[in-house]
Structure formats: structure tokens, C-alpha cells
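Just passing along the structure, written as C-alpha cells.
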Amino acid sequence: MGADIGDLLERDEISAKDLDGKIVAFDAFNVIYQFVTTIRGRDGQALTDTNGNITSHLAGLLYRTTSFVESGIKPVFVFDGEPPELKAETIEKRRELRDKAHEKWKLAVEKGDTAEIYKYAQASARIDPQVIDESKMLLSMMGIPIVESPSEGEAQAAFMLEQKSVDYVSSQDYDAFIFGAPLVIRNLTVSGKRKLPGKNVYVDVAPEKVDFQKNLARLGITKEQFIDIALLVGTDFNKGLERVGAKTGLKLIREKGTFEAVLRSKEKEDLIPEFQKAKAFFEHPPVTRDYVLRWEKADADKMVEFLCRKRDFSDDRVLNACQKINAARMAKKKTTLDQWF
DNA sequence: CACTAGAA
DNA sequence: TTCTAGTGG
């Protein structure tokens, strides 16, 4: 759960063609988690092969990434490394919620309540190392570059945007802004549909662009103050104040200027060190310059061997995806050559 | 979520 | 051709 400060930001609708030729960094965990929770059969269970291995992430990555490449996007997937110690509490809390959901799922199965089964099957989804490893493997077979962050994927993606290695960061939450990403794309999907949280209902959503500087100017705050608001509301790396949401956070920072001043005014100065640690992490997260972004030809043989022979995908669909990727690559090469001559 | 066959 | 319901793995 990212800091719930999205309400403060204005978004501009964009169309897929605005992204033609653009390099877009995806927070891999973010994307994979969405696939595993939403790509499910009628029973609410994730898709699996005949041996019970989860395949939702593979289906999602294969079809969506192919479609992006076809529309001219150059995707990069940024994976998480070691989570910081500051995040331990958040991780533990998520694990507890998952376990609780799993218990509720078992009860729902006993009762035979379809809606509940679906809901709690989703809420108890967890991403194990195999899912991450296979995702990296598939993307590599597809010729899509992957980057390993030393720590948070969002932080690495924001850094790569600052370095102008990529044009956009795509994410569903707002952590990328707290890490300093100036341009974030949201709702970037193939179908233009997105699931409503909690319900098994899909709504049409257009992709949108959030310009951080523009929003700061409109709100009349600095980037640092935006981070302060996030800290007051609460982030993955610190517990915020009770009953302080985005609006109250903004108001408090406008009045007092800094989170330190806000905490002092509420006689909560004991929280200052904790907030400062989280802020230091947002401002200087571990990132690496050790990445190479190269888009290669999709390896049809490897993809068929893995997806079809080992994970029960249809040969037709996999070969079709392969062809689309390689055709798009060829078309791009040709146009870049044309520009030379 | 994305794909696809069949309906409209 | 475009839309919908059902499947994929």
C-alpha cells in the first residue's frame, strides 16, 4: 500500500500513441502482483498448469508486454532487491492480512459462497520467489530488459527517470513520486479496463499522466513538503498520524511548513527520528547505475519450450506473441534506418 | 487481465 | 465490423 496522497494530484489523460517510441519503466512487483490477483478463473483461483504451478503472471506479462511492444512502447521491468529494515513492519502487516484472508477463504469455500471465495482468494494471493524468477526468465526470453534494484523497484525506476535512461515510470501507486519521479503513467493496460478494489467489477479507465512539478506548483508546495505530507499520512516506511489523510496533511504542512513543526505542535516530537529515517530513505534510497537497456529479438524456441511444454500455454498464442514482438522490432529498426538515409 | 469465438 | 461472454492455464 503506497501513501494515500494520490487525491492531491491532478492527472492528464493520454492515449497509447503518445507513448510510441517511449521507454517506460515498470515496477515489476507492482505489475506481477496485479496479474496474480486479477487473472483468475471463474472459481477465483489463479491460473495454473496441470502440475499446479501458477501461470497468471506469465499470461499477463506475455500478452500485455507483447501488446505494448506492438504499440511502440519500449518496456523495462525493474525488480525489487532487499527491502529496507524500515519496511519490516509493513511487510509483517501484509503477511498477517494475507493469512487472515486465507482463513476467510477457507470458511467461504465451506459455505460455498462464490463471491466471498473470489474475494478472499484474491486477498490471500502471495508472490513467491518462483513467480519472480519465472517472470524474469520470461521477459528475458521475450528480449525485454530487466533491471535489478538493490532495494525498492520504485526508487530504482525513479532514479532511471532522473538519469533520463527512461521516459516514464508506470505505476499504480504514488510511491514513485515520493522517490522523486517527475512523470508517472497510471492505468496503462491493453484493454483499458481495471478492477475495482474489493469487488469483482471492471471499469473502463484511460491511461493518465501525472506531472509532478506541475502538481507541486499548483499545490504551492515543494517536493520536500510533498514528502512531508506523505510521512504525516503514513508510508510503507513509517506510520503516519491518526486521522491524517491527504487533505489534512496538506493543510498541516501549509500551516507549519515541515513535518517536524507539525509534530512539535502536536507534542509528538518523539516521532521525529522515525520520520527522519523514512525521509532519508525516500531522498537517498539505494539504487544502481549498473543496468543495460537493450531490446532483443524474442526467442521463440525458448518461449515455446518454457510456456508451452512446461506451463501448458497454447503454441498458437505463444508463437503469435513472438511474431508480434519481432515484427514490431523490425519495423522500428527500419524506421530508424530510414532516418539515417 | 487479455484473448477469442460467436452474437449482434 | 463491434461487442459480449466465456476461457485461458
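Computed over heavy atoms, backbone and side chain alike; hydrogens, waters and symmetry mates excluded. Only a predicted model underlies this, so the values are computations on that prediction, with no experimental measurement involved.
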Aromatic centroids of A/F212 and A/F226 separated by under 6.0 Å
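For A/F226 and A/F212, the ring centres are under 6.0 Å apart.
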
Separation of B/dA2 P from A/L307 CG (nearest whole Å)
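It is 17 Å, rounded to the nearest whole Å.
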
Roughly how far apart are A/I14 CD1 and A/K22 NZ, rounded to 0.5 Å?
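It comes to 10.5 Å.
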
Between A/E70 (CD) and B/dA2 (P), how many Å, whole number?
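Going from CD in A/E70 over to P in B/dA2 covers 13 Å.
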
Atom-pair distance (CZ on A/F313; P on B/dT4), nearest Å
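These atoms are roughly 13 Å apart.
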
Provide, to the nearest angstrom, the distance between the NE2 atom belonging to A/H57 and the C1' atom belonging to C/dG8.
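The distance from NE2 of A/H57 to C1' of C/dG8 comes to 15 Å, rounded to the nearest Å.
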
Out of C/dG6, C/dG9, B/dA2, whichever nucleotide has its closest atom nearest the side chain of A/R42:
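Shortest atom-to-atom distance from the side chain points to C/dG6.
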
Using atom CD1 of A/I39 as one end and atom P of B/dC3 as the other, report the distance to the nearest whole Å.
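Answer to the nearest Å: 10 Å.
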
Separation of A/E85 CD from A/F281 CZ (nearest 0.5 Å):
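Answer for the CZ-CD pair, A/F281 versus A/E85, is 11.5 Å.
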
Starting from P on C/dG8, measure out to CZ on A/R311 and report it in whole angstrom.
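In whole Å, C/dG8 P lies 18 Å from A/R311 CZ.
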
Indicate, with a heavy-atom threshold strictly under 4.0 Å, whether A/S314 touches base, sugar-phosphate, or nothing.
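Sugar-phosphate, backbone atoms only, no base.
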
Given atom CG of A/D312 and atom C1' of C/dG8, what is their separation to the nearest angstrom?
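So the CG-C1' distance, A/D312 to C/dG8, works out to 11 Å.
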
Between A/D316 and A/N320, is any side-chain donor less than 3.5 angstrom from a side-chain acceptor?
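No, because no side-chain N or O of A/D316 sits under 3.5 Å from a partner of the opposite role on A/N320.
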
Expressed in angstrom and rounded to an integer, what is the separation of A/F35 atom CZ from B/dC3 atom C1'?
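In whole Å, B/dC3 C1' lies 13 Å from A/F35 CZ.
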
Go through C/dT7, C/dG9, B/dA2 for me and flag the one nearest to the A/R64 side chain.
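Between C/dT7, C/dG9, B/dA2, the one nearest the side chain of A/R64 would be B/dA2.
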
